[in-house]
Colleague: 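Starting off with a structure, shown below.
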2 protein chains.
Amino acid sequence: MRHRDLPPLATIRVFEAAARHLSFTRAADELGMTQAAVSYQIKLLEERLGAPLFLRRTRAVELTATGRLLAPATSEALDQLAAAFSAAKADAGGVLSVSVLPTFAAHWLAPRIGRFQMKHPDIAVRTRATRDVANFSRDDVDVAIRSGLGDWPGLEANPLFPVDFTPMYSPKLVERYGSIERPCDLLRLLLIDPGDRWWKLWFDAMGVPGFEPGGHPDARMGDQHLEARAAIGGYGVAILTPAFYREEIAAGLLVQPFPTASEAGQFYFLAYPTTRRNVPKIRAFRDWFLDELRSGEETCLAPAS
Amino acid sequence: MRHRDLPPLATIRVFEAAARHLSFTRAADELGMTQAAVSYQIKLLEERLGAPLFLRRTRAVELTATGRLLAPATSEALDQLAAAFSAAKADAGGVLSVSVLPTFAAHWLAPRIGRFQMKHPDIAVRTRATRDVANFSRDDVDVAIRSGLGDWPGLEANPLFPVDFTPMYSPKLVERYGSIERPCDLLRLLLIDPGDRWWKLWFDAMGVPGFEPGGHPDARMGDQHLEARAAIGGYGVAILTPAFYREEIAAGLLVQPFPTASEAGQFYFLAYPTTRRNVPKIRAFRDWFLDELRSGEETCLAPAS
DNA sequence: AGCATGCATAAGGAGATTCTATGCATGCGC
DNA sequence: GCGCATGCATAGAATCTCCTTATGCATGCT
């Protein structure tokens, strides 16, 4: 197993082709190089082996006994390698691993991913919903959907939409507590997770002074999704990204009374290593994703704005 | 079979070692290169494949799913190659093909070759006795014994002994035709193959004038051996190389009455391609051969001179 | 005889691969 | 917690391999 004593593998590849064709010229042809290069490599191998592999007959070459011994085994070995790499390529191209924020996964990706599968039946998608920022060199991840500024070195980041947010609540809440006309009216209601910095940012953006976060600052529930559930249940007002709750809004489960605010520069991004931007499955996913996003803007964002 | 699409084979070799060790550093060690080179080759292969093969964990590397798929197959293929080349090397080293002049084969090599086999039981000798000058690049020949000047480009030629010759006959001949004192006495007898140039050369060297070759000039029987048979049979006088007939002389079957002459510069040589002078079986044969020659000079050439 | 075919060889250069010298991340020990 | 050690990645420079072009040589065919 260890410490194999192999001749330069390049010479082996050339030998195999020459043995198959019984012609240096045709082997060179197949390998896309010149006859001189084949001659050179064969000679190299023969010297390394200490034995001639071809008899140079007048207008053709012929294998020596040693050459005849070697040819089938090398062909087989190269075939095996080719098969293995072809399988690996298929395997690598057939599974797309997506790291995605849980909220994004639940509200945006999950309802749409089926269409990607329809379009690319040969690509299996493995979705990994996690709040941890994926590390492409450490985790087996092909693409990631994450929020931030998009300034990740070595990554190509396609901006999706801003990380914006706005208060939302259930219509049931209005029934109970009366109508809400101005942003400051919200202060009378129960804010779900008032420690979320988004509340402060939003009130500031709306010009409502005097909001002081209750609870621990930075004590978010950690997942927008849970806050949304609470709001839908009529428990209070949650600050949410409306793009994620189009269905709930359309179904009358949530109301968005005011415009959104956004953290400066923060976007959702579709990201992947720049070096892999032309890998077919990645390109396919990105193309589909951006396309999906564009058509979504036409049909859904119009009523929301 | 044709047109395989393989990554650079060097990267495959590096990958296999790295996968086996699960460490770039140790793989570099095994392959006799630096860790940086391994890293470079792996990256090359990953880019070529469009998929990562290793996960870079903090203090070790780990195979990805694709890598795990690939590793066993590449190991197997490389093992197969190693086995094939090892077998080829054994095969090439185990058979020594000797092209040799028929006379030399019969009188010098045949009686001694057994001792070579005793000394090197792992080397099989295939003797090809032919008058045709072996062409090393065209015929499957490792070493050749031939006569000439030794000025063959690309060949290493070990001089053995001069191509010398002298008249020889059976003692029976003297019984019938009377004693032979001087070279010119031979002219009374039947010269076997008088067209052989050696007769002319020998008489010239002995200072016997007036010898005119009978028969067609250059109409040699072609083989000293046949002439020797005729001489032993008492048919006439043959011009022979005495070194080849030591046994016959010793046994009293042939008599050598006069000194030898030789063609200027002509020697018997043991020859092989210079590039192959260090191939073990060739080196073994040459060493044995020259040794045999040297010890032969001590024991046998002494009485002849 | 002349031409065409196929391999060998020489010289030259482009490119690949390696090495050295770093940087970086991180686990471990004190 | 703070250094230290380990292991991989990267940059830049120096080789060194390998290929191509251009030719020669041997030989079979017309």
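Letters A, B, ... mirror the listed sequences (proteins, then strands); counts begin at 1.
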Colleague: Report the relative orientation of the aromatic rings in Trp108(A) and Phe289(A); use parallel for angles under 30°, tilted for 30 to 60°, perpendicular for over 60°.
Modeller: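 Rings of Trp108(A) and Phe289(A): parallel, as their planes differ by under 30°.
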
Colleague: Quick one: CG on Leu63(A) to CG on Leu53(A), what's the gap to the nearest 0.5 Å?
Modeller: 8.0 Å

Colleague: Which residues in residues 63-70 of chain A have at least one heavy atom lying under 4.0 Å from any atom of DNA chain C?
Modeller: none

Colleague: Output the rounded distance in Å from CD1 (Ile42(A)) to P (dC18(D)).
Modeller: 13 Å

Colleague: Round to the nearest Å and state the distance from Leu9(B) atom CG to dT17(D) atom C1'.
Modeller: 15 Å

Colleague: Whole angstroms only, please: what is the CG-C1' distance between Leu55(A) and dA8(C)?
Modeller: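 That distance rounds to 16 Å.
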
Colleague: Using distance alone, with no hydrogens and no angle criterion, decide if Arg128(B) and Ser99(B) have a side-chain donor and acceptor under 3.5 Å apart.
Modeller: no

Colleague: Return the angle between end axes of the helix from dA1(C)-dT30(D) to dC30(C)-dG1(D), with five pairs used per end and rounding to 10°.
Modeller: 30°

Colleague: Could you note down all residue pairs passing ring-ring contact (aromatic ring centres under 6.0 Å, His included) where residues 130-153 of chain A supplies at least one of them, sequence neighbours left out?
Modeller: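 Of all non-adjacent pairs touching residues 130-153 of chain A, those that pass ring-ring contact (aromatic ring centres under 6.0 Å, His included) are Trp152(A)-Phe269(A).
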
Colleague: For residues 36-47 of chain A, which residue pairs qualify under salt bridge (charged side-chain N to carboxylate O under 4.0 Å, His left out), counting only residues two or more places apart or in two chains?
Modeller: Glu46(A)-Arg56(A)

Colleague: For a quick check under 3.5 Å, do Ser75(A) and Glu16(A) share a side-chain donor-acceptor pair by atom type?
Modeller: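 Judged by distance alone, the side chains do pair up.
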
Colleague: Any side-chain to backbone donor/acceptor pair from Arg26(B) onto His21(B)? Under 3.5 Å, distance only.
Modeller: yes

Colleague: Output the rounded distance in Å from CG (Leu45(A)) to P (dC18(D)).
Modeller: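 Taking CG of Leu45(A) and P of dC18(D), I get 12 Å after rounding.
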
Colleague: Does dT20(D) have OP1 or OP2 under 4.0 Å away from a side-chain N or O of Thr34(A)?
Modeller: yes

Colleague: For Ala37(A), report the nucleic acid contact type (base, sugar-phosphate, nothing); a contact means any heavy atom under 4.0 Å.
Modeller: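 Counting heavy atoms under 4.0 Å across all strands, the contact made by Ala37(A) includes a base.
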
Colleague: With a 4.5 Å cut-off on side-chain heavy atoms, are Pro52(B) and Arg276(A) touching?
Modeller: yes

Colleague: Restricting to pairs with a member in residues 85-101 of chain A, which pass salt bridge (charged side-chain N to carboxylate O under 4.0 Å, His left out), not counting sequence neighbours?
Modeller: Lys89(A)-Asp5(B)

Colleague: Just wondering, do Phe15(A) and Leu44(A) contact through their side chains at under 4.5 Å, heavy atoms?
Modeller: no

Colleague: Side-chain donor-acceptor pair under 3.5 Å between Gln41(B) and Thr11(B), yes or no?
Modeller: no

Colleague: Using a 4.0 Å heavy-atom cut-off, write out nucleotides 1-15 of chain D from 5' to 3' as B (base contacted by protein), S (sugar-phosphate only) or - (no contact).
Modeller: ----BSSBBB-----

Colleague: On DNA chain D, nearest-nucleotide positions of Asn135(B) versus Met33(A): which is more 5'?
Modeller: Met33(A)

